[in-house]
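Presented below is the structure to which this report refers.
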Amino acid sequence: MKEISRRQFIKIFGGATVASSTLLVACKKKDLSVGVDKEPPKDKMTYRVNPNTNEKVSLLGYGMMRLPKESDKDDAPYDQEMINRQVDYAIEHGVNYFDTSPAYCMGQSETCTGIALHRHPRDKYFVATKMSNFSPETWSKKASMEMFENSLKALQVEWIDYLLLHAIGGDSRDMDSEETFNARFMDNGILDWLVEQKNKGRIHNLGFSYHGDVEIFDMLLRWHDEGKYHWDFVQIELNYLDWNWADEINDRNTDASYLYAELEKRGIPAVIMEPLLGGRLANVPDPIVRKMKKRKPDSSVASWAFRYAGTPKGVLTALSGMTYMEHLRDNINTFAPLEPITEEENAFLMEIAEDIYNLKTIPCNECNYCMPCPYGINIPAILSHYNKCIKEGNLPNIEKEEKDTEDQKEFRRQRRAFLIGYDRSVPRLRQASHCIQCGQCSPHCPQRIDIPREMRRIDEFVETLKRDGFTVPAEQ
């Protein structure tokens, strides 16, 4: 197990009181992952001070990437009335940081966010959005400038509180990460133009969000050291799994421990994304749930991850995409006020992280950046089903020679569960068998998953299971 020393823990997470090692009785709720559903206080939100502006920012930030819809249909409109209600509730309970992007919710997030926030006084919220010029069609200075101006209009604001260069470090088509970064922000002069907008007061804080090539991350921080560009904040992925295991899970990712340390030593505030890894750390296997509930019976599984993300002193805010009101209430309870992770709890979570790592799931966060697939494949749903079967123990081991009768029965049960669940989760015309390996999805994946390879691997796995004589009943 990877470890962190006591000195390192106190330096990064602060001197929180060490909790008692006495284990509490297990919670007996039907859904073990949830906490006690209680109405959160309105005046207990934890705030952090932005050292650049002295603004008090809520430690819980509202991520506007997974907004509620009017129905479960893919093409259902977003439920503006519910979005308004949830934003009202968040502001009423002290949340004041709202994070969006022109790329979120099929291009509708900024508009929905603007409608909801415009109903409140401008000094009640900070809005963060991004220069999401991923497509080569948006790489010209004119197109990128239009993207920024459109963000102001959609959000119905005169300035952006926190503006990010979106997802630096990724590749695009046949270009490496540095070529892509230069094409998006340097060759067209758009970064210098954004600095001008900051000087004019149209941007209050300028930063970037990082996914991918650590050399680009290091380069931008080197520019900060040299005075070439000043970064007011940086958004990184940080959670108790990625703290030490990000590069083990995917060798193209970087451990959060390194990313945070580089920001902390420069005094650059960190905004945290993916504290739940796209929900994976709220949907852990049942044995892990029981271990967590044994320590804190009244707390949700998600609260462990949010407390971890919010504990480091250099964290300005931790984002959560809260589609449902119960998520919003639970998260507000976690941060109102925050109970920092103790040294003993940190060691416990490092053990949990190793348990999760050993499951060998595909590191998909269901962010939908890979969508839409031009051939209609539902990539997130395919990867989600595969990971779900690992979590629930329904992934058949086709490499193991089954000799024992009980082993054969278990294999058949797992095979049936996997195949029936696959057809229920993903319509057949949208399954991995229809992937033509075009590769248009991979450059957009923040986790840098080789999606065509995974589609091919899962399709071959499915076909192997079917060759064993099992067909899904028509009524299924």
Side-chain angles (χ1 to χ4, degrees), residues 30-31 33 66 68-76 105-106 277-280 282-286 289 323-324 356 359-402 406-442 444-445 447 449-476:
K30 183 177 180 180
D31 183 353
S33 67
R66 297 180 176 92
K69 290 188 170 186
E70 293 182 2
S71 74
D72 293 333
K73 294 182 179 179
D74 289 345
D75 59 351
C105 301
M106 306 301 289
L277 266 179
R280 288 169 64 201
N283 191 31
V284 296
D286 290 345
V289 174
T323 309
Y324 304 106
I356 295 172
L359 292 173
K360 304 296 184 184
T361 54
I362 300 169
C364 173
N365 295 345
E366 299 183 56
C367 66
N368 289 302
Y369 282 16
C370 58
M371 298 293 282
C373 167
Y375 298 93
I377 297 167
N378 193 334
I379 298 166
I382 294 167
L383 300 182
S384 176
H385 174 70
Y386 186 85
N387 286 339
K388 181 173 180 286
C389 286
I390 292 177
K391 170 185 177 292
E392 295 177 349
N394 287 326
L395 192 71
N397 187 347
I398 59 177
E399 297 179 355
K400 182 179 179 182
E401 185 178 358
E402 309 292 352
E406 290 301 317
D407 286 344
Q408 292 173 355
K409 288 173 61 177
E410 178 64 9
F411 177 84
R412 288 194 294 269
R413 184 198 67 78
Q414 291 174 335
R415 182 181 63 194
R416 178 181 177 85
F418 184 94
L419 291 175
I420 290 179
Y422 189 40
D423 276 1
R424 286 177 174 172
S425 301
V426 189
R428 293 192 181 184
L429 291 177
R430 305 192 69 184
Q431 291 180 359
S433 57
H434 294 275
C435 176
I436 69 163
Q437 304 286 301
C438 70
Q440 292 191 37
C441 47
S442 291
H444 303 292
C445 177
Q447 301 304 316
I449 301 168
D450 187 339
I451 296 173
R453 182 184 66 185
E454 296 295 351
M455 293 296 104
R456 183 171 61 249
R457 184 172 68 87
I458 290 173
D459 180 49
E460 290 173 353
F461 179 74
V462 169
E463 290 304 311
T464 299
L465 293 180
K466 289 180 178 179
R467 280 199 300 269
D468 201 45
F470 181 83
T471 57
V472 180
E475 65 270 18
Q476 300 289 352

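Count residues from 1 along the sequence. Because only heavy atoms are used, hydrogens play no part in the values below, and waters and symmetry mates are left out as well, while side chains stay in.
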Quiz prompt | From CZ (Arg467) to CD (Glu460), nearest 0.5 Å | solution = 9.0 Å
Quiz item: Taking atom SG of Cys367 and atom CZ of Arg66, what is their separation to the nearest 0.5 Å?
Solution: 7.0 Å
Quiz item: Is there a side-chain contact between Ile362 and Ile458 (heavy atoms, below 4.5 Å)?
Solution: yes
Exercise. Indicate yes or no for a side-chain donor-acceptor contact from Ser71 to the backbone of Ala76 under 3.5 Å, with no hydrogens or angles considered.
Key: no
Quiz item: Considering residues at least two apart in sequence or located in another chain, which fulfil the side chain to side chain donor-acceptor pair (under 3.5 Å) criterion with Arg456?
Solution: Gln437
Quiz item: Do Lys69 and Thr323 come close enough that some side-chain heavy atom pair is under 4.5 Å?
Solution: no
Quiz item: Do Ile436 and Cys438 touch side chain to side chain, with heavy atoms closer than 4.5 Å?
Solution: yes
Quiz item: Is the side chain of Asp459 donor-acceptor paired with the backbone N or O of Ala432 at a distance under 3.5 Å, no angle test?
Solution: no
Quiz item: Which pairs pass salt bridge (Lys or Arg N to Asp or Glu O under 4.0 Å) with one or both residues in residues 429-441, sequence neighbours excluded?
Solution: Asp74-Arg430
Exercise. With sequence neighbours left out, write down each residue that passes salt bridge (Lys or Arg N to Asp or Glu O under 4.0 Å) with Arg457, or none if nothing qualifies.
Key: Glu454
Quiz item: Given His385 and Tyr422, is the ring-ring contact (aromatic ring centres under 6.0 Å, His included) satisfied, shown in steps?
Solution: CA-CA 7 Å; His385 174 70; Tyr422 189 40; 5.7 Å; yes
Quiz item: OG/Ser433 to CE/Met455 distance, rounded to the nearest 0.5 angstrom?
Solution: 11.0 Å
Quiz item: Which is it for Glu366 and Leu383 under the side chain to side chain contact (heavy atoms under 4.5 Å, CB included) test, yes or no, and what are the steps along the way?
Solution: CA-CA 8 Å; Glu366 299 183 56; Leu383 300 182; over 6 Å; no
Self-check item: Interatomic distance, Cys364 atom SG to Leu277 atom CG [nearest 0.5 angstrom]
Solution: 10.5 Å
Quiz item: Going from CE on Met371 to NE2 on His444, what distance comes out if it is rounded to the nearest 0.5 angstrom?
Solution: 12.5 Å
Quiz prompt | For Arg415, the option from Thr464, Ile420, Leu395, Leu465 that meets side-chain contact (heavy atoms from CB on, under 4.5 Å) | solution = Leu465
Quiz item: Which heavy-atom pair separates Gly439 from Pro452 by the least distance, and what is that distance?
Solution: CA-CG, 3.9 Å
